[in-house]
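Reading through the structure tokens given below for one structure.
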Amino acid sequence: MASNGTNGAAHQLKNLDSVKNKALLHYAGYINGEWIEKAHSGKTFDVVDPATLEKLATVPEMDKRETAEAVQAAHDAFKSFKKTTARERARMMRKWYDLNMENVDDLALILCLENGKTLTEAKGEVAYSASFLEWFAGEAERVSGQTIPPGNPAVRIMTMKQPIGVAACLAPWNFPIAMITRKCGAALAAGCTTVWKPAGETPLSAIAQAVLATQAGFPKGSINLITTLNTVSEVGEELCTNKLVKKLSFTGSTRVGKILMKQCASSVKKLSLELGGNSPLIIFDDAKISNAINATIAAKFRNAGQTCVSANRVFVQSGIYDKYSEALVEAIKKQKVGLGTEEGVTVGPLTHERAVDKAMTHINDAKKGGAKVILGGEPMKEKPGYFLQPTILSGMSKNSINWSEETFAPVVALYKFETEDEVLELANDADVGLGSYVITEDIGRMYRISEGLEVGMVGVNSGILSAAESPFGGVKESGFGREGGREGIEEYVFTKSVVINIAG
Ligand code: SIN
């Protein structure tokens, strides 16, 4: 046993050597059924554990050349893959799901090490990620066209749904495998071939998924994976401008989403964009305190506050403000910060050093604007990684940076409000509209607020919005398109109308 030096407790340090199924570990991209360990440029980059800052692995830094090769391989594979039956694809999806379940512990460990999230959360992400495979295994066979009553008796009209072609899937570092299966699972189930671009910070879990998908039977060229960190804009541009790519799905910031959208215009590519949010969490005087606290912990501390649906502005009605704040301080004091692999830890590190700096800028700005730090408020310099104390800011105002920008960290920003109309206007005062939460015991209010919020998703008395069967996505500058749900697979097919003259 070694001491991790983070809290004095003895702790077995884990690294990739602890992964039991070594077949999951490749330090390479994957193109046309081959693992590519050396990039054309000869360049590499390191994958680092954000909790310890130790190097985990070195992978090739691919550029637009490998990207074009991956797209070509996917394009070639599409010619036969599009002819597979929905049932054949459903079986491969199901097998991929089963393989995920057989490898939960290893997948979770890889995820925990490269992203920093706790092992418990990582296991949750593996289950969440696999649930998309199970869901789209079912949906594969439910994609169908219609027969349409014609206006002209001499014709018959039908529609068929067909896979759109090569799909490029750009996944973020905060959910490195769930976003791969949510996008690529839907694409493959629909009969599209794929190019995966995991984030440079977290390629290893996506690589492990490519191993399992291949074992599940997806043929050569249907899955291609590009590893990139410093060349990411060049890789992104190739995916956007390459005419053989017919669909691009991206999860990430609104800033990058706008760049990709412009680049995709050159080939009028079909797009799904799941971009930044600024989720309001609204707690009314009639709320059950336990619901309010549980929802806050779930919506703010999942993945250490680094989700696009993290509660960014917490609006608390004046009658419950003090009671809620006191209960929240007590609940958050119980959170244990540390290495994700350590027993009992509930909050891991942030994934980037710049994330701690950004959170500190928001905290200092809030203090200048008159807010009070009622818990935390400092980086945890005694730990080697990117750790921040769980923080509560009380008495926030509209002039803060947090008002218009996601803090993306375990920082709860409390705003006081008086009336329902007022809070609806405040909550909607954002360029983006992704997630939101409302805590109330009043059924009428629950409807009024759910209908009035300008967002893609609402959690009522719940801090969790995500489920494979529930469509995920936003409005305004949070993007468009839906992932998961019945809509998720529709993003990867197009409708063809067939008009048949039966007059002879
Ligand atoms: C995200 O943060 O991008 C996705 C979160 C989720 O699926 O719950």
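Heads up: numbering here begins at 1 and tracks the sequence. Order of listing sets the numbers, starting from 1, for every ligand and every atom in it.
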- Look at atom 8 (O) of ligand 1 and say which protein heavy atom is nearest, naming residue and atom and giving the distance to 0.1 Å. Ser466 OG, 2.4 Å
- Item | Stacked cation flag Arg445 on Phe284, 6.0 angstrom / 45 deg | yes
- Query: Do ligand 1 and Thr251 have nitrogen or oxygen atoms that lie under 3.5 Å from each other?
  - Reply: no
- Side chain or backbone of Met457 under 4.0 Å from ligand 1, or both, or neither, by non-hydrogen atoms? neither
- Note on the structure: Residues Arg486 and Trp135: closest non-hydrogen pair is N-CZ2, 3.9 Å
- Protein contact of atom 7 (O) of ligand 1 - nearest heavy atom, named by residue and atom, plus distance: Tyr128 OH, 2.7 Å
- Query: Charged N to carboxylate O below 4.0 Å: is that the case for Lys476 and Glu454?
  - Reply: yes
- Item | salt bridge (charged side-chain N to carboxylate O under 4.0 Å, His left out) evaluation trace for Glu274 with Arg182 | CA-CA 12 Å; Glu274 198 259 90; Arg182 186 153 87 183; 3.1 Å; yes
- Item | Residue portion contacting ligand 1 (non-hydrogen atoms closer than 4.0 Å) for Cys308 | both
- So which bit of Asn303 gets within less than 4.0 Å of ligand 1, heavy atoms only: side chain, backbone, both or neither? neither
- Atoms of ligand 1, numbered as shown, that sit under 4.0 Å from any heavy atom of Glu274: 3 (O)
- Item | Close side-chain approach of Ile392 and Val373, heavy atoms under 4.5 Å | no
- Which protein heavy atom lies closest to atom 5 (C) of ligand 1, and at what distance to 0.1 Å? Phe175 CE1, 3.6 Å
- Heavy-atom count around Lys64 NZ within 6.0 Å, excluding the residue itself: above 12? no
- Message: Is there a side-chain contact between Glu201 and Glu114 in this structure, where contact means two heavy atoms from C-beta onward sitting under 4.5 Å apart?
- Response: no
- Task: Mark up the atoms of ligand 1 that fall under 4.0 Å of a heavy atom belonging to Arg302, in ascending order.
- Result: 6 (C), 8 (O)
- Task: Report, in ascending order of atom number, the atoms of ligand 1 lying under 4.0 Å from any heavy atom of Phe472.
- Result: 4 (C), 5 (C), 6 (C), 7 (O), 8 (O)
- Message: Under 4.0 Å, heavy-atom basis, I'd like to know which part of Thr307 is in contact with ligand 1: side chain, backbone, both or neither.
- Response: both
- Is Arg182 close to ligand 1, meaning an N/O of one under 3.5 Å from an N/O of the other? yes
- Query: Can the positive tip of Lys270 be found less than 6.0 Å from the middle of the six-membered ring of Phe494, inside 45° of the ring normal?
  - Reply: no
